[in-house]
Amino acid sequence: DAAKRILGVLICRNYKGDVDMAEIDHFLPLLLQQEEEGLLSPAITRGNVHFLWIKHSNLYLVATTNKNSNAALVYAFLYKLVEVFTEYFKELEEESIQDNFVVVYELLDELMDFGFPQTTDSKILQEYITQEGNKLEVAKSKVPTTVTNAVSWRSEGIKYKKNEVFIDVIESINVLVNANGSVMSSDIVGSIKLKTMLSGMPELRLGLNDRVLFTLTGRDKGKSVAMEDVKFHQCVRLSRFENDRTISFIPPDGESELMSYRINTHVKPLIWIESVIERFSHSRVEIMVKAKGQFKKQSVANNVEIKVPVPSDADSPKFKTSTGHAKYVPEKNLVVWTIKSFPGGKEFLMRAHFGLPSVENDEKEAKPPITVKFEIPYFTVSGIQVRYMKIIEKSGYQALPWVRYITQSGDYQLRTNS
Amino acid sequence: GNLSIILNYFFAGEIFELKAELNSDKKEKKKEAVKKVIASMTVGKDVSALFPDVVNCMQTDNLELKKLVYLYLMNYAKSQPDMAIMAVNTFVKDCEDPNPLIRALAVRTMGCIRVDKITEYLCEPLRKCLKDEDPYVRKTAAVCVAKLHDINAQLVEDQGFLDTLKDLISDSNPMVVANAVAALSEIAESHPNSNLLDLNPQTINKLLTALNECTEWGQIFILDCLANYTPRDDRESQSICERVTPRLSHANSAVVLSAVKVLMKFMEMLPKDLDYYGTLLKKLAPPLVTLLSAEPELQYVALRNINLIVQKRPEILKHEMKVFFVKYNDPIYVKLEKLDIMIRLASQANIAQVLAELKEYATEVDVDFVRKAVRAIGRCAIKVEQSAERCVSTLLDLIQTKVNYVVQEAIVVIKDIFRKYPNKYESVIATLCENLDSLDEPEARAAMIWIVGEYAERIDNADELLESFLEGFHDESTQVQLQLLTAIVKLFLKKPTETQELVQQVLSLATQDSDNPDLRDRGYIYWRLLSTDPVAAKEVVLAEKPLISEETDLIEPTLLDELICHIGSLASVYHKPPSAFVEGSRGVQHKRLPPRSGSPEGAHSGGAAIPEAVPAVIPSQGDLLGDLLNLDLGPPTTGVAPAPTSAMQMGAMDLLGGGLDSLVGGAALNCNCQTLGWYFLPHLQVWLLAMKAKGLEIAGTFSRRGGVIHMELSLTNKAMSVMTDFAIQFNRNSFGLAPAGPLQVLTPLSPNQTTEVSLPLSTVGPVMKMEPLNNLQVAVKNNIDVFYFSCLYPISILFVEDGKMERQVFLATWKDIPNENEAQFHIKDCHLNSDAASSKLQSSNIFTIAKRTVDNQDMLYQSIKLTNGIWVLAELRLQAGNSNYTVSGVLERERYRF
C-alpha cells in the first residue's frame, strides 16, 4: 500500500510519500479516455502508478499506489470511508467535506496509518473524534479502550432504561428470466439486521432453523433451511460457528447488519411477468404486460413497480391498466407501472401504445430487461425463522427481542424479445 | 498575467494577517488562524512561509490545535528541513505526555516527517513508545518503525527496532500484533532475503490466535503474512487451513480473499485422497460465489481471481455456471470477466444454457462485449465437441445479421473451428465468401484468406478471391500479407496449372517490393522451396497442422502458481507478476506454491492441476481487459500475435529448423541487397547475456530506414526449452522512443536457434530525461520471465529526413540563439574533403545549408532536426590540407522539451 489520495482535488492525504501527489492530475483524463473508449476499469495504470477508484455520487475516491497492493483491501477501505463519512456528515458530498475539513483530516489519520487501515468503526470513532471539538473536550482527550480491545465495536458503560433488540430478517430475491420465459438463475440473499438497545456488555446467541445445525444436533422438528453461504459481522465468533454452528456475539450498539446469507434454491419468481412488445416500424409500439402474484393469497406485495423499456424515439404515450397507474419516463426510456398493493394470486394487465417517428433512428438500441420492485411484509421465501435470541448480561436484566420479516425484490430482471 | 499578480497581492495580505493571528495571545484566535492555514493548504495554496509561526503553536494542551499543527508539519517539514528541527523538542515532550492520545499522535506524526536530519532525535521517543503501557500508543509506534525504516533503514537496524518489532508479535493486544505484522511484512518486502519475518510454528500459532481477535484489517495483515509461510508437512498445513477457514464467513470481502489465498496455497500440500482435501474444496465455492454480490469493484477483483482459481482448480466452481451469467446493469468490466469465466466453465453438462446466454449477449449493443460473446461461441465449439454443430449454426445466424463487427468476429472463430474439426463444416464456406467485401479488420481478413487457401480445392473461384486481395497488397497489414502469401502458395500447390502467374506475383510482391523482413524471409523460403523441390514444398506447406487446443488463453503454469500466491493483490488483478509492474522488484524472488505432498524430491510441480502436458495454446485471442489495463508488454492496440499465421506456420518452420540460415543467407539474398534497398547495419552489440536471462541472449543495434527508426534485434535461445510469447516494452526515455508494433517473433524459438527481428519504433512514447541522454531501458518478456537491459542508441537515428532548413531561416535562427547554447569541439584525423563530408553527412540526415570558403578554410553550415522537433545548427570548419575539423553547434532552445 502506498500513498492514498482521497477525494481527488477536494482533499488528500499522502500516507507514505512514495507516490508524487501531482500524479492525481492524470487520473481524471485517463478515466474519461477509458470511458470514451468504453473500456472502463476500476484499476487504472499510468507508468508505475496505479489508481484504484470508486465513485460516490459525484465524488471520486481514489487510492494511488506503486506497489503490488492488496486491491481487495483498498476497495473495501474506500467503501468503508464512504460509510464513515456518511455517518459523520449524513451526506458525503463536496460541501460536507469542505465544511468539515478539520474533522476529515483527523478521521483520515485515525482510519489509516502508513497505508494500513486502523480503526474504521464510526461509532467508536465518534467517541473521540467529534465535529464540535469544544463540546466534548473532556471525552475527546482520552482513547476509548474500545479502540484497541478485542471487542473493538462496542464501548463499555452503555445504559438503556428499557433493554430491547429489534431483529429484521430481510430476504431479497434475485431473478434472471430469459425472453422465452425460462428462469436462468435465481437466488435469495438474506440479511439479518439488528437494532440493539441493550445496557452493558451483553452476550447474545441467535438461533435459526439452520439445516446444518439441525442435522448436527439430530433435531428434525419443523422446516429447516439450508444456507449456501453465511457472512458475519466482525462481532460474531467465527470459529465457534465453524465448530457447532452457534451464532454467538457481543452486539454493536444501535443499528448493524449481523449477518447475511445466500440460498441457492430455485425460487418461483414471486411476481411473474409476461410481456408482448410489438414494434411496427415507422408507426407504433404496442406493449402488453401481464403481472401475476405467485405467492400466498394472504400476503400482499406493496409498492410494486414494473419498469418496461420503450424505444428512445417513441412518443405520444397512451396507457390502459386494470389496476395502479402507468407513467412514461422519457429520460429513462421507460414506462413505470406502479401498483400500491398487489395481493397474492391476483393477475393484472397493462397496455401501452406509443407512436414511432416515420424516420427512425437506425442506431442499434440496447435491450434493457423489464425490472420489478416490490416488498412483501411478514414473510420470507426461504422459510427462515428466528427460533430464539438469548440475551445474557451480568447484571441479569430482562431484555425483549422483537422480530420482523420482509421479502423484497433484489436484482429482478426479465429479458424481452424486442 | 495581471489577474494572478493581483491575486498574489491579496494572498500576500492574507498571509500577513494570518501571521498576526497565529501570534495572538488568545487561544481561540490562534486555533482559528491555524484552521485557516490548513484550509489554504488544502486548496493548494503555499503557506510554507508561516512555518515558524505555526510551529510556535505546537506547544499547546489543546488536542485539536495540536493535531492541526502536526498536519501542517507533515506537509511542509520536507521543504523546510532546518526549521523542522524546531519541532523535535515538542515531539520528545509529547511522547511523554500523560495522555496516550497525545503520545500516539506525536509518534504517528514523527514518522511522517521525512527529514533525514531529525530522524536520529526520534529514536529515543520511539523506543519508549514501543514499550508504552497503552496499546494504542504501541500499535502506533509499531507502524512508526516501518515509516522510519523507509527513511533510514540502517538507523532502524542499528537501533535494534526490528527486534522490538518482532517482540510485539507476542504482544497481549491483538491490534498491536496486527500492526507489528503489517510493519514487518512491509519492511520484509524491501529486504526479500532478510528472513525478517522468521515464521516458525510458534509465531504461526500466535498469529492464528490473534486472527480471532483483531479487527477486519488486522485479519487481512495476518492472513497475508501467513500466506508467506511454508508449512513443514501436510499435517501442519491442514491444521492451519482448519483455523483459517472460519474467516471465509467474514463480511469483509478482502478478509475472505486473503483467506482464500492462504487456503489455495496450503492446499497444494494436502494429499488429494485426504478427506479433508475434498471438504476444503467444497468449502471454497460458496464464499467465492458470494463475492459476486459485493460492490462492483470488489466483484471485479473477485472475478479476476476466480479466473485464476478456475484455471488452477477447475473442480471448485464447476457447478456454479449460473452465477456468472451477465446482468444487464453489470459494469462492462464485470461483464467481460464473467464471460471469460463462463467459457472456462463450459462443459457438456451446461453447454445448452451457456450457448443460449451467449447468443443473447451477441445481440447487445456494447461492441466489445458483443465481440467477446461471439468469440466465446467459437471457443465453446472447440471445447465441447457435442456442441460444435449448434455453435456453428448460431454463428451462421449471427453472420446473417450483417452487423459488421459480428460478422468479422464470427469468421475469425469459424477458422479455428475448421482447424479443430477438419472436413466437417466446410459447407458453410459459401456463406462466408458472401461476406468477403465487408471484412475490414486484419484479423478477419487474414482468417478468411486462410480459409480460402486451406480449402482452395473446394472453392471454384479461390484464385479470383485471392487475386482480389492482392491488388492492395502493400496496404494490407503484415498479418494479412503473410497469410495471403501462404494461401496463394497453398493454392498453387493444389492447382498448379492455373495459378502460376498468381504465385509469381505474390512472391515478387513479398520479396522485392516489401521492406518487411518477416515477409521477405517467408517469401524467399517459399520461392526456394518451390524452385528447388516442389515435393518437399508440398510436404511442408500442406503438412498436417497441429491440433488446436481446447482451452485458450491459459496462463502459463509457473505464472499461474505465482499469481495464486498473490490472490487479492494487484498482481492477481492484472494477471502479471509483481516484477512486471513494481519498480525495484526485479531482484525479488518470485513467490511459489509450497511443494506438493508426496512428490519424491518435494520438487515444485506447477502443472499439478493440469496433469497432462500443457496444451499448445491458440495464440492469445486478446484478453480484452488485459489490453484495457494497458499493461501488456506489447503495444496495446494490436497486442496479439497474428493468430492464423503463427499457428499455421509452426509446423513448416520447425521442419526447416536450422536450415533457415543457409537458405536466407544464400545467393538469392546477396544479389538482391542493393536493388531491394537494404541498408548497411552496424555490428550488433550484445545487450542481454544468456546467463543473466535464463538462456535468452539478445544482441542488437539501431537503424533508420525509410524514415522509420528500427531496433534490429537478434534473439538467441541458449536454453534447453522452447521460448515463445515474446513481447517488448521500453521505459520512458529522452526522445519518447516506443515500439510501433508488437515484437513479431512468429515462431517459437527452439533451443540453439537465433531469430532476427526488426522492430519499427515510434517517437510518440512517454518522455523522461535519461542519463546519458541516449540511454534506453528495455524489458523483454517471454514465456519464461521478464528481462531488463539498457542500451545506448546512436543519436543519429533521431535525425529526420526533412531536417534541411531554409537558408534564410537558418541565418536568422543562427543569430538569435544565445551564445550559452553553443558548444565547440574538434574531430581529428578525418581524411575527407568538404564535399565528401557533406554527402556523407547527408546520408545521415545532416544537411548542408551553405558552404563558404574563407582564407583557405572551408565552412559548412549544417542543420539537423530531431524527431521531437528540436533543431541543431552546426558550423564545420576545415583547414585545407589539415585532417582536423572544428565543429561549432548550437541548439535551438525554444523548442527544447525537457
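Chain identifiers are assigned alphabetically (A, B, ...) following the order of the sequence lines, protein sequences preceding nucleic acid strands; residue numbering begins at 1 within each chain.
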Of the listed residues ([options]), which shares the most heavy-atom pairs with chain A below a 4.5 Å separation?
options: B:Asn252, B:Leu68, B:Val289, B:Asn305; answer: B:Val289
options: B:Ser569, B:Ala254, B:Ala302; answer: B:Ser569
options: B:Met74, B:Glu242, B:Arg732, B:Arg138; answer: B:Met74
options: B:Lys147, B:Arg114, B:Met175; answer: B:Lys147
options: B:Ser253, B:Ala182, B:Ser572, B:Pro174; answer: B:Ala182
options: B:Ala39, B:Ala285, B:Pro286, B:Cys144; answer: B:Pro286

Given a strict heavy-atom distance threshold of 4.5 Å, which part of [X] is in contact with chain A: side chain, backbone, both, or neither?
X: B:Arg247; value: both
X: B:Glu320; value: side chain
X: B:Thr109; value: neither
X: B:Asp224; value: side chain
X: B:Cys112; value: side chain
X: B:Lys139; value: side chain
X: B:Val326; value: backbone
X: B:Leu257; value: side chain
X: B:Gln219; value: side chain
X: B:Met321; value: neither
X: B:Glu216; value: both
X: B:Ile102; value: neither
X: B:Pro766; value: neither
X: B:Asn75; value: neither

If I measure from the heavy atoms of chain B, does [X] come under 4.5 Å with its side chain, its backbone, both, or neither?
X: A:Arg240; result: neither
X: A:Asn264; result: side chain
X: A:Ser260; result: neither
X: A:Gln413; result: side chain
X: A:Tyr79; result: side chain
X: A:Glu257; result: neither

*B:Glu64 with B:Lys67: basic N within carboxylate O range, under 4.0 Å*: no

*Between A:Glu242 and B:Arg243, is the closest basic N to carboxylate O distance under 4.0 Å?*
no

Check whether any side-chain heavy atom of [X] sits under 4.5 Å from a side-chain heavy atom of [Y], and report yes or no.
X: B:Gln353; Y: B:Lys322; answer: yes
X: B:Val137; Y: B:Thr140; answer: no
X: A:Leu107; Y: A:Val104; answer: no
X: A:Pro117; Y: A:Leu73; answer: yes
X: B:Val301; Y: B:Leu291; answer: no

*A:Gln234-B:His250 side chain donor-acceptor pair, cut-off 3.5 Å*: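 Their side chains do contain a donor-acceptor pair, which is all the 3.5 Å distance test asks for.
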
*Is the closest side-chain donor-acceptor distance between A:Thr371 and B:Tyr328 under 3.5 Å?*
no

*I would like to know whether A:Asn68 and B:Glu189 meet side-chain hydrogen bond (donor to acceptor under 3.5 Å, both in side chains); could you show each step before the answer?*
CA-CA 10 Å; A:Asn68 179 31; B:Glu189 213 177 284; over 6 Å; no

*Write down the atom of B:Lys327, the atom of A:Asp411, and the distance for their closest heavy-atom approach.*
CD-OD2, 3.1 Å

*If you take all heavy atoms of B:Ile113 and B:Ile151, which pair is closest and at what distance?*
O-CD1, 4.0 Å

[X] side chain to [Y] backbone, donor-acceptor under 3.5 Å:
X: A:Arg262; Y: A:Ile188; value: no
X: B:Ser258; Y: B:Val255; value: no
X: A:Asn66; Y: A:Val19; value: no

Under 4.5 Å, counting heavy-atom pairs only, tell me which of [options] racks up the most with chain B.
options: A:Leu176, A:Asn243, A:Val102, A:Val189; result: A:Val102
options: A:Trp153, A:Tyr75, A:Tyr261; result: A:Tyr75
options: A:Ser182, A:Pro42, A:Ala72; result: A:Pro42
options: A:Asn48, A:Ile54, A:Asp113; result: A:Asp113
options: A:Leu52, A:Thr119, A:Thr120, A:Asn178; result: A:Thr120

*Would you call the rings of B:Tyr300 and B:Tyr333 parallel, tilted or perpendicular if under 30° counts as parallel and over 60° as perpendicular?*
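Answer is perpendicular, since the angle exceeds 60°.
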
_Plane angle bin for B:Phe221 and A:Phe116 - parallel if under 30°, tilted between 30 and 60°, otherwise perpendicular_ =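 Perpendicular, since the angle between the ring planes exceeds 60°.
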
*With rounding to the nearest 0.5 Å, note down the distance linking CZ in A:Arg237 to CD in B:Glu213.*
10.5 Å

